[in-house]
Amino acid sequence: ERAAPHVQAQSRTVSHPFLDGQWQGTIAASDGRTYFSLSCHSDKNNAQFYSYDPKTDKVRHIIDVGAWCGETDSIGKANTQGKIHSNIYEHAGKLYMSSTRSANPEYPYKGGHFLSYDLKTGVCEDLGFYPDPKGGLMCMVFEPVYQRLYAISEGGQTLIYYDLQTKEITKIGMIEENAQHTRSLIAAGLARNAFIHRTTGSKTGPRWVWWPMSVNAKEPDCRSRRP
């Protein structure tokens with residue numbers, strides 16, 4: 001006999017019917033609310049950011065991601081900020097995430113943005129973007145030792161980071177030549193501060209390791225770090 005389900009799922013309606021997808025961009029934050037993004041493949045719309053409060057059972061729209069990135073005039077002129085494809089991380093009272101493009105290749109694209117949301121004040125801040133006409137920041141990870149947001153810029157498969165203390169974006173180097181393969185970026189081995197990247201081309205896809213403490217070059221060749 002099948003056991004009774006532990007969880008009962010219920011649907012909630014959002015206010016933007018053009019949205020067609022959702023990726024990793026969800027977090028149950030310390031304020032008791034769940035924050036999430038909904039994305040789209042349209043060249044006429046941006047992704048949207050919401051919160052859900054289980055106490056009131058209400059979904060609240062927070063911001064249009066294009067407006068968050070300061071690109072309200074891009075519709076019909078440039079590729080939209082169509083997705084928050086990364087995980088969302090909480091640190092010191094703020095949520096951090098990154099944006100990437102919609103799927104329409106006909107329009108130019110400026111690049112993916114690092115974004116933050118203040119849980120107390122509700123302020124949405126654009127921390128900066130990395131210029132890449134072929135793709136945005138599809139995956140991102142928060143590294144607590146140096147307090148950095150590491151991300152892969154899709155088009156050039158370039159590893160970059162945003163430093164929360166200096167507020168600067170630094171380019172590290174290209175991880176691999178196959179565009180759009182990167183789907184995960186993991187902070188591991190904090191004693192040595194090792195970073196491991198794995199593609200999703202196959203179950204045995206390549207893994208890349210980079211040690212920030214051991215690399216002094218301005219732009220190291222990350223491909224040589226393959227174990």
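Counting begins at 1 with the first residue of the sequence. Quick caveat: nothing in here was measured; it's all calculated off a predicted structure. No hydrogens, no waters, no symmetry mates; every other heavy atom, side chains included, goes into these values.
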Donor-acceptor under 3.5 Å (T158 side chain, S153 main chain): no
same_hphob_cluster(L127, F49) at 4.5 Å side-chain heavy-atom cutoff: no
Between CZ on residue R60 and OH on residue Y52, distance to nearest 0.5 Å: 14.5 Å
Aromatic ring pairing F36/Y50, orientation class (parallel under 30°, perpendicular over 60°, tilted between): parallel
Counterpart residues, ring-ring contact (aromatic ring centres under 6.0 Å, His included), relative to H41 (two or more places apart): W23
Shared hydrophobic cluster for I27 and L115 (ILVMFWY, side-chain gaps under 4.5 Å): yes
Result of checking L95, V141, L149 against Y89 for side chain to side chain contact (heavy atoms under 4.5 Å, CB included): V141
Salt bridge present between R12 and D57 (N-O < 4.0 angstrom): yes
Expected output: side-chain S86 to main-chain L137 donor-acceptor under 3.5 Å: no
H85 and E154: side chain donor to acceptor below 3.5 Å: no
Side chains of M140 and Y162 in contact at under 4.5 Å (non-hydrogen atoms): no
Pairs where residues 72-87 contributes a residue and the test salt bridge (Lys or Arg N to Asp or Glu O under 4.0 Å) is met, not counting sequence neighbours: none
Expected output: side-chain T80 to main-chain N45 donor-acceptor under 3.5 Å: yes
Close side-chain approach of S37 and M97, heavy atoms under 4.5 Å: no
Non-neighbouring partners of H91 that pass ring-ring contact (aromatic ring centres under 6.0 Å, His included), sequence neighbours left out: F142
Partner residues of Y130 under the ring-ring contact (aromatic ring centres under 6.0 Å, His included) criterion, sequence neighbours left out: none
Shared hydrophobic cluster for Y96 and I84 (ILVMFWY, side-chain gaps under 4.5 Å): no
Side-chain donor or acceptor of Q81 paired with backbone N/O of G111 under 3.5 Å: yes
Residues in salt bridge (charged side-chain N to carboxylate O under 4.0 Å, His left out) contact with D126, at least two apart in sequence or another chain: none
Nearest-0.5 Å distance that lies between atom CG in D163 and atom CD in Q165: 5.5 Å
Aromatic ring pairing Y117/Y35, orientation class (parallel under 30°, perpendicular over 60°, tilted between): tilted
Joint cluster assignment, F129 & Y109, ILVMFWY side-chain distance < 4.5 Å: no
Salt bridge (Lys or Arg N to Asp or Glu O under 4.0 Å) contacts touching residues 44-53 (sequence neighbours left out): R33-D53
